[in-house]
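Here the structure is laid out as C-alpha cells; the discussion comes afterwards.
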Amino acid sequence: MKIRRLETFCNTFVGFVRVTTEDGSIGWGQLSTYNSDITAQVFHRQIAPWVLGRDAFDIAALVDEIPEREHKYPGSYLHRAMAGLDTALWDWRGRHEGKPVAELLGGSAGSMRAYASSMRRDIGAAEEADRLLALRDRYGFDAFKFRVGSECGHDRDEWPGRTEEIVPTVRRALGDKVALLVDGNSCYSPARAIQVGRMLEDNGVSHFEEPCPYWEMEQTRQVTEALSLDVTGGEQDWDMQHWKRMVGMRAVDIIQPDILYMGGMVRTLRVAALGASAGLPCTPHSANLSMVTLFTMHLLRAIPNAGKYLEFSIEGPAYYPWQQDLFVQDPYTIVDGRATVTEQPGWGVEINPDWLARSTYQCSEIGA
C-alpha cells in the first residue's frame with residue numbers, strides 16, 4: 001500500500017501528521033513537541049521526499065533509510081520529524097488491521113499504573129505537597145515525581161534550601177505507602193548529586209532522574225554506583241551509539257527514552273530491547289498530555305521490561321495551555337491511579353477538527 005500524501009498541522013508547541021495511502025485510508029501521528037513548526041519544515045524537506053510512493057507497511061525500513069539518506073544532518077530535529085512519520089504509520093496500520101498499536105507490538109490493551117508527574121520548580125514545598133495529596137485522594141495515584149535542584153543548574157538550587165525542604169515535606173504529607181521520585185534535570189556535579197542522593201534515600205525516595213548533565217554519562221555512572229536508589233536517565237538521547245554506551249557501561253539503573261525525541265516507536269523499541277538485554281527496566285519519558293503519553297501507554301503494554309509505571313503529567317492549562325483541546329475525546333482518564341489502553345484500533349484517538357482548523361497546514365503529495 002503506497003503512501004500518497006503527508007500532511008502536517010502545527011503551531012509552535014505541537015504538530016500532528018496525517019498519512020494517506022493510495023486507497024484513501026489514513027493514520028495520525030505526532031511530531032515532537034516544542035518548536036514543532038520548525039520540525040514540520042524538516043519533515044517536508046527531509047522526510048517526505050524519501051517516503052512518498054513507498055510501502056506504508058515498511059515502517060522499520062523507512063526509519064532506517066531516512067537517516068542514511070540525510071546522513072549529513074544527524075541530530076535531534078531529523079528524529080523529531082521522523083517520529084511524526086513513524087507514529088502516523090503505526091496508527092494507519094492499526095486502523096488497517098483493526099487492532100490497537102499495543103497489539104501490533106506484541107502486547108494488548110489494558111491498564112497500567114501511573115505516577116503523577118509535576119513539572120514545576122516555581123512552587124514551594126507546602127504547596128507542592130498539598131496538590132500531590134489532593135491528586136492522591138482524587139485519582140488514587142500511589143506514586144509521585146517532583147523537581148529538585150534547578151535545570152542545568154551547576155549545583156544551584158531553584159532557590160536556596162528548596163530541595164532540602166521539599167523532599168521531607170512531601171514525604172510527611174503523602175506518608176510512607178506511596179513511591180516518591182525526583183528529577184534533577186542535569187543539575188548536579190557527581191559529588192553534589194551523591195550528597196543529595198543520600199538525603200533522598202533517607203526519605204525513602206526510590207528514583208533519582210538525570211542527576212548530572214545528561215551528556216556526561218561518566219558522571220551519572222559515578223552517582224549510580226554510589227547510591228542504592230535507582231538512578232535514571234535517557235530522555236534527551238536519540239543516538240543509538242550513545243544508548244549502546246549508556247547501557248553497556250550501566251550509567252543508569254532505569255532507561256527513559258522519549259518516543260518523540262527518539263524518532264518514533266521502531267527506534268524506541270530497539271532501545272527498550274537493548275535495556276532488556278542488560279536487565280534494565282524501561283520507564284519512558286512522557287512529560288505532557290499530547291500524543292506522547294498515549295504512545296508510551298501502548299509501548300508499556302507491549303515490552304517485557306516495562307518499568308513500574310507510566311509518567312503522567314499533572315499540569316493543566318495554567319502551565320501547558322497548548323495541550324488543551326487537542327482531541328475529540330480525552331484519552332487520559334485515571335482511575336485508581338491507572339491509565340488504560342483501549343481496544344480501539346491504532347492509537348484510539350481522533351484529533352480535534354477545531355484545533356486542526358486553527359493550525360498551520362503543509363502538504364507533501366505525489367505529483368504535487
| request: Take the angle between the ring planes of Trp28 and Phe16 and call it parallel below 30°, perpendicular above 60°, tilted in between. | output: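 Geometry flag for Phe16 against Trp28: perpendicular rings.
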
| request: Take the angle between the ring planes of Phe141 and Phe312 and call it parallel below 30°, perpendicular above 60°, tilted in between. | output: tilted

Enclosure of [X] [atom1] (heavy-atom neighbours >12, cutoff 6.0 Å):
X      : atom1 : value
Tyr139 : OH    : no
Arg45  : CZ    : no
Tyr73  : OH    : no

| query | Which residue, Glu165, Arg172, Glu164, forms the side-chain contact (heavy atoms from CB on, under 4.5 Å) with Pro168? | reply |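 The residue from Glu165, Arg172, Glu164 that satisfies side-chain contact (heavy atoms from CB on, under 4.5 Å) with Pro168 turns out to be Arg172.
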
Polar side-chain atom of [X] near backbone of [Y] as donor-acceptor pair, under 3.5 Å:
X      : Y      : result
Gln324 : Tyr320 : yes
Thr296 : Ser286 : no
Arg162 : Ile123 : yes
Tyr332 : Ser290 : yes
His298 : Ala102 : yes
Tyr361 : Glu7   : no
Arg171 : Gly175 : yes
Thr224 : Thr220 : yes
Thr342 : Gln344 : yes
Asp258 : Glu235 : no

| query | Nearest 0.5 Å, what's the OG1-CG distance between Thr268 and Leu105? | reply | 10.5 Å

| message | Given the ring of Trp90, does Arg93 sit roughly above its face, with NZ or CZ under 6.0 Å from the centre of the six-membered ring and within 45° of the axis? | response | no

| said: Check whether Phe9 forms a cation-pi arrangement with Arg18 (NZ or CZ under 6.0 Å from the six-membered ring centre, at most 45° off the ring normal). | reply: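 Pair Arg18/Phe9 does not count as cation-pi.
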
Do we see a donor-acceptor contact under 3.5 Å between the side chains of [X] and [Y]?
X      : Y      : result
Ser118 : Arg131 : yes
His242 : Asp237 : yes
Glu201 : Ser228 : yes
Thr21  : Trp92  : yes
Glu158 : Ser150 : no
Ser313 : Asn288 : no
Glu151 : Ser186 : no
Ser108 : Glu103 : no
Asn185 : Arg121 : yes
Trp50  : Glu70  : yes
Ser189 : Asp155 : yes

Determine, for [X] against [Y], whether the closest basic-nitrogen to carboxylate-oxygen distance falls under 4.0 angstrom.
X      : Y      : result
Asp86  : Arg267 : no
Arg198 : Asp202 : no
Glu65  : Arg54  : yes
Glu209 : Arg147 : no
Arg338 : Asp336 : no

| query | Heavy atoms, side chains only, cut-off 4.5 Å: are Phe295 and Trp347 in contact? | reply | yes

| query | Side chains of Glu210 and Gln236: closer than 4.5 Å at any heavy-atom pair? | reply | yes

| query | Taking the six-membered ring where the residue is Trp, are the ring centres of Phe57 and His96 under 6.0 Å apart? | reply |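 Yes, the ring of Phe57 comes within the 6.0 Å limit of the ring of His96, centre to centre.
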
| message | Suppose we call two aromatic rings close when their centres sit under 6.0 Å apart. Are Tyr34 and Trp322 close by that rule? | response | yes

| said: Using the rule given for side-chain contact (heavy atoms from CB on, under 4.5 Å), can you reason through Val19 versus Val51, listing the C-alpha separation, both sets of side-chain angles and the distance that settles it, and then say yes or no? | reply: CA-CA 10 Å; Val19 60; Val51 173; over 6 Å; no

| Where do Thr283 and Thr232 land on the side-chain contact (heavy atoms from CB on, under 4.5 Å) test, with the steps shown first? | CA-CA 9 Å; Thr283 302; Thr232 76; over 6 Å; no

| request: Determine, step by step, whether Asp183 and Lys145 satisfy the side-chain contact (heavy atoms from CB on, under 4.5 Å) criterion, reporting the C-alpha distance in whole Å, the side-chain angles of both residues, the deciding distance to 0.1 Å, and the verdict. | output: CA-CA 7 Å; Asp183 193 344; Lys145 188 171 80 179; 3.9 Å; yes

| field | Verdict with supporting geometry, Phe13 and Gln323, side-chain contact (heavy atoms from CB on, under 4.5 Å) | value | CA-CA 8 Å; Phe13 294 97; Gln323 72 178 16; over 6 Å; no

